[in-house]
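A note on names: the letters A, B, ... follow the listed sequences, proteins ahead of strands, and every chain is numbered from 1.
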Amino acid sequence: MAIDYGEMEGRWQRAWNDAHVYESDPGEKPSALVTAAFPYVNEPQHIGHLRTYATADLYARYKRLRGFNVLYPMGFHATGTPILAIVKRLRNNDQELVNTLKTFEIPDDEIKKMEDPLYCANYIMRIDEEGMRLAGYGIDWRRKLKSIEPIFSKMVEWQFIKLKEMGLLKQGSHPVGWCTNEQNAVGQHDTKGDADPKIEELIAISFKDSESDAFFACATYRPETIDGVTNLFVGKGIDYVVARSGGKRYYMAKEAAEILSNQMEIEIEGPAGAEDLLKKMAINPSNGDVIPVLPGFFVKADVGTGIVMSVPAHAPFDYAALEALKREGYPIGGIEYRSVIRIDRPSAAVPPGELETARAGDPNVSAAAYLELIKGDPSPGDEVLERATKSVYREESHWGVMAVGKYAGKKEAEARGLISKDLLDAGSAFKMFELANEEPVFCRCGTRVVVKLVVGQWFINYGDEALKGKVKEYMNKMRFYPKGGVLTYRGVADWLGMRPAERAQGMGTRFPFNPEHIIESLSDSTIYMTLYTYINALRDADVKPEQLKPEFFDFVLLGRGGADMVAATTGIDAMVVRRCRESLEYWYNETSRHSGSDLIYNHLTMHIFIHLALFPETMWPKQVVTNGLVNYEGKKMSKSLGNIVPLKVGIRKYGADPLRFVTVASADLGTDTDFSVDGINSVRQKNDYLERLVLSLPGMKSQELSHGDYWLYSKLNSKIKAATACMDEMRIKDAYVEIYYNSVNELRRYMERGGSNELVLREFLEKIVIMMAPVMPHVAEELWHLLGKSTLVVQERWPEPDESMINREEEAIDDLIERTLSDIRQGIEMTSKMSSGAGKRVGRVEVIVAEDWKLGAYNALAEEKEIGKAMARPELKGIEREKLSKFMAQFAKSLNTMRKLPVISSESLLRGFMDARQYMAERAGAEIVPVGEADSRSARAGRARPDRPAIDIVRE
RNA sequence: GCAGGGAUAGCAAAGCCUGGUCAAAUGCGGUAGGUUCAGGGCCUAUUCCCGUAGGGGUUCGGGAGUUCAAAUCUCCCUCCCUGCACCA
């Protein structure tokens with residue numbers, strides 16, 4: 001017989017609903033508000049999502065069992081661009097996406113309808129909610145909210161008004177990937193092949209035309225090489241222009257000027273042919289050198305400015321181009337390659353002799369070697385030069401020291417910043433941005449992505465010193481699980497700076513200070529947990545969104561003003577206003593925030609910042625719990641592997657409880673868990689075993705307690721103690737190894753030993769069933785009722801350990817039985833190979849328990865670590881000296897590793913062995929005869945030790 | 001590049017903070033046996049090497065050190081993974 005999870009789980013879910021178990025309202029008990037980061041609805045949930053929500057659910061259920069009034073609410077996130085992206089792909093009939101949706105069992109006609117963003121969001125929300133209900137989360141669904149509903153928007157608007165008042169909103173400029181066709185910022189989600197546009201800052205250095213007021217603008221990543229510049233390069237077939245910017249006139253490629261116009265004010269004055277430029281001379285702003293302008297084969301119109309400053313000593317491309325010109329006989333004047341950086345590093349890094357055999361791409365080779373390498377190749381291809389350039393760059397950035405100029409002796413990496421600053425300060429350079437991706441990046445619409453400098457953009461300033469300091473200090477007081485997370489959060493807090501607060505596209509709340517834009521969707525979800533506490537009150541009273549004026553939130557969230565005043569300005573009933581405030585105060589006391597660990601780097605840390613900025617200390621986050629991912633049979637779940645298991649499918653196939661157990665309780669919180677069918681089956685088998693055991697209880701009798709019964713009691717109570725400690729620290733795996741795996745093993749062991757005391761078993765089962773409830777609530781409920789209970793287990797009390805029943809002695813006796821058993825087995829095996837034993841059957845095995853004085857002697861030795869001192873101990877006074885010293889002598893070698901043994905009388909040890917006789921006999925395949933040392937006539941009796949009875953294998 | 005995490009037996013994975021009870025939990029896989037066992041499952045034993053009785057030897061990425069004692073502490077090295085911003 002096996003449990004039918006679908007039927008059983010549905011039955012208990014209905015029972016909980018009927019009893020309104022999870023609908024929580026303020027009351028007398030202490031509160032606990034458990035929230036998990038609400039799911040984003042651009043794709044239905046899979047079993048990976050289950051981990052976060054089931055972990056939060058486990059915590060909520062645990063707190064409830066511990067006597068708290070628990071609220072676990074849920075919402076859905078739909079603001080921002082991802083839903084629009086989905087819709088756009090659906091409209092383009094993107095087959096890959098359609099297939100993905102089909103694996104989530106979405107029918108064709110629904111997929112068609114999902115081309116409407118709102119429909120799409122709502123539809124996925126519905127699937128998610130169904131899945132979450134089937135998973136059996138104890139959610140108060142009355143409080144469900146969506147980030148795209150008007151009440152939510154009103155709260156977010158208030159939040160931003162407050163942030164602005166506090167000076168935490170700042171306007172500034174910021175470079176973004178940009179599609180000139182769609183006139184929109186593009187992130188990773190918006191590009192072909194999901195390429196992440198990598199934006200890098202570089203500077204363009206101005207070399208004055210020796211004969212006019214115009215400048216050659218040369219973009220470079222390595223301004224520190226300026227003293228090594230020998231010439232400039234332009235591209236032969238490229239259209240150049242004279243562009244005016246900031247009152248200066250620059251030569252640059254026409255295409256480059258157009259791209260740059262996204263970053264700065266640029267006005268194109270007129271064309272300037274490459275041929276004309278080639279006749280000019282330029283002046284190096286650093287050292288006044290007058291240098292020629294030459295044609296460079298590698299110069300591109302759309303990279304940088306389309307003009308390159310040539311540093312042949314340090315740039316393989318420049319070197320190769322000059323060498324090529326030399327070969328062609330192009331007049332290049334008396335150019336000398338000038339090295340301005342020397343490599344300075346421990347000699348160990350490159351063993352001598354390797355330079356000759358070095359190949360491009362080998363990171364252990366100095367920059368010079370690359371130039372040598374290229375010299376040997378009259379016309380190296382772009383790929384070789386590219387690799388050489390990278391290696392030189394890496395090598396010199398790491399080990400390079402300036403050899404000449406103002407900063408001679410400084411590390412190159414440092415000099416780069418200083419020289420850059422000098423040039424900028426002197427007006428000899430300007431900053432620009434460029435995409436640093438290896439391959440060009442294209443928008444999904446097909447347009448090449450460029451960098452745009454967005455100006456007047458609003459940011460949330462997480463870099464605000466006062467706030468940052470406050471956050472970092474407070475983080476020390478917060479509880480982070482897994483433990484030790486504080487350091488990570490503090491690091492993130494340090495690193496957070498300006499964060500965009502608005503976006504041109506997407507669903508969501510209008511940005512109050514620029515209604516053309518919407519509030520960026522990470523920023524709009526930092527305080528919504530507060531809304532759960534009173535949203536049902538607003539709905540019950542049918543409050544209209546437009547009534548939710550700032551005064552309402554000022555009062556409810558901050559306690560400013562009064563209910564009557566709010567009622568007067570908003571028209572909301574004062575009773576309702578008061579109820580909202582009271583509800584918030586009640587629930588927002590003790591909170592726990594849950595999510596996947598990926599959100600540490602944004603949402604979780606941001607929510608701490610915003611809470612501290614806006615709210616009084618009583619409302620600050622108390623606890624944050626993060627969990628790792630879920631793998632599928634050892635591999636990452638991904639679309640490309642096609643191994644994503646949709647939540648609803650997983651529940652149907654495996655049962656919600658086994659799935660919950662495997663994903664949340666089978667690995668530590670911070671590490672990835674592995675979903676495997678084997679794991680599921682193992683849990684199901686154990687559940688079936690427990691069910692069978694519960695059903696077999698009525699046939700048993702209650703009788704006098706044996707060693708085994710005391711042992712099981714002891715295990716139960718030490719288990720409760722250990723598991724409670726684990727749960728309090730969110731060591732979920734450790735807790736359930738105790739509560740579940742170990743219990744099943746202990747029960748099996750108890751039964752194998754012939755344990756049959758119904759009272760003892762019943763108590764054991766009742767208590768572990770309660771403790772199982774947080775992770776497998778349905779199974780726990782089922783077993784609870786099979787145990788004859790009529791209450792709901794999810795509303796029971798977590799068991800308290802009965803310390804008096806924890807009996808180290810009984811547990812130690814049991815360990816000794818197991819150890820002795822394995823010794824006996826080994827002994828039988830070994831003796832059967834001995835000539836004296838070969839061929840003869842084992843008749844019986846005498847287990848000889850050491851006399852009591854030996855234990856005293858052993859423990860004395862363990863404490864003193866010295867035979868002489870131990871012998872002198874007063875408690876060993878009455879023992880015959882010779883016997884004592886002989887006994888102690890055998891431990892001479894291992895004195896340091898001896899540890900005190902629990903005090904067990906030889907009498908109770910013997911009783912333990914007597915109780916286990918039959919069990920041991922079955923396992924050993926021989927009769928077991930326990931006997932006291934004094935009563936044994938065996939020659940081996942003297943070998944009996946307190947930590948190890950003597951064994952005599954008697955053959956016949 | 002910067003920051004963080006990691007390397008444990010055939011594989012996966014605990015232990016490391018708080019050194020000794022660690023030849024090292026647990027699961028998978030392997031091997032042997034059992035179960036009136038179709039298959040699968042389940043149960044038992046075993047799974048670093050040696051060993052004619054509970055013993056010994058060598059192990060926890062590599063190297064050095066601290067200590068009576070190191071998988072666990074310190075230093076160095078090698079290799080691997082994750083994140084790096086306007087994106088939820």
**Prompt:** Could you write nucleotides 8-19 of chain B as a row of B, S and -, 5' to 3', where a protein heavy atom under 4.0 Å of any base atom gives B, of only sugar-phosphate atoms gives S, and otherwise -?
**Reply:** ------S-----

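An OP1 or OP2 oxygen of B:G4 is reached within less than 4.0 angstrom by no side-chain nitrogen or oxygen of A:Thr488. At B:C42, none of the side-chain N or O atoms of A:Arg692 fall inside 4.0 Å of OP1 or OP2 (strictly under the cut-off). The phosphate of B:C43 has OP1 or OP2 within less than 4.0 Å of a side-chain N or O from A:Arg748. Put simply, A:Thr81 has a side-chain N or O that comes within less than 4.0 Å of OP1 or OP2 on B:A88.
Partners of A:Phe480 by side-chain contact (heavy atoms from CB on, under 4.5 Å), not counting sequence neighbours, listed by chain and number: A:Met475, A:Met478, A:Val486, A:Tyr489, A:Ile608, A:Val624. For the side-chain contact (heavy atoms from CB on, under 4.5 Å) test, residues two or more places apart in sequence or in another chain that qualify with A:Asn859 are A:Leu855, A:Lys900, A:Leu901, A:Val903. Residues meeting the side-chain contact (heavy atoms from CB on, under 4.5 Å) test with A:Ser718, sequence neighbours left out: A:Ile806, A:Glu811. The salt bridge (charged side-chain N to carboxylate O under 4.0 Å, His left out) search around A:Arg222 returns A:Glu224, A:Glu396, A:Glu412, not counting sequence neighbours. Considering only residues two or more places apart in sequence or on other chains, A:Phe433 meets the ring-ring contact (aromatic ring centres under 6.0 Å, His included) condition with none of them. Residues meeting the side-chain contact (heavy atoms from CB on, under 4.5 Å) test with A:Asn42, sequence neighbours left out: A:Tyr40, A:Pro82, A:Ile83, A:Ile86. Remark: A:His607 engages A:His603, A:His611 in a ring-ring contact (aromatic ring centres under 6.0 Å, His included) (not counting sequence neighbours).
Here the P atom of nucleotide B:U44 and the CD1 atom of A:Ile828 are 18 Å apart, to the nearest Å. Put simply, NZ on A:Lys198 is 10 Å from P on B:A85, counting in whole angstrom units.
With both pairing distances under 3.5 Å, B:A32 is matched to B:U44 as a Watson-Crick or G-U wobble pair. B:U82 is paired with B:A3 under the criterion used here, namely a Watson-Crick or G-U wobble arrangement in which both key atom distances are under 3.5 Å. Within the shown strands, B:U26 is the pairing partner of B:A12 under the Watson-Crick or G-U definition, both distances less than 3.5 Å.
Considering only the side chain of A:Gln685, B:G41 comes nearest among B:G41, B:C84, B:G54. For A:Arg948, the listed nucleotide lying nearest its side chain is B:G55; candidates were B:A53, B:G55, B:A88. Comparing B:A85, B:A88, B:A53 against the side chain of A:Trp495 picks out B:A85 as the nearest. Set against B:A88, B:A45, B:A53, the side chain of A:Arg825 has B:A45 as its closest nucleotide.
In the region residues 593-608 of chain A, proximity to RNA chain B at under 4.0 angstrom, judged on heavy atoms, holds for A:Asn602.
Applying the side-chain hydrogen bond (donor to acceptor under 3.5 Å, both in side chains) definition to pairs two or more places apart or across chains, none involves residues 667-679 of chain A.
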Protein-nucleotides 27-29 of chain B N/O pairs closer than 3.5 Å?
none

Distances for protein N/O vs nucleotides 67-72 of chain B N/O pairs under 3.5 angstrom?
unit_1: B:C68; atom_1: O2; unit_2: A:Asn896; atom_2: ND2; d: 3.4

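Taking atom C1' on both B:U74 and B:U58, the two are 25 Å apart, rounded to the nearest angstrom.
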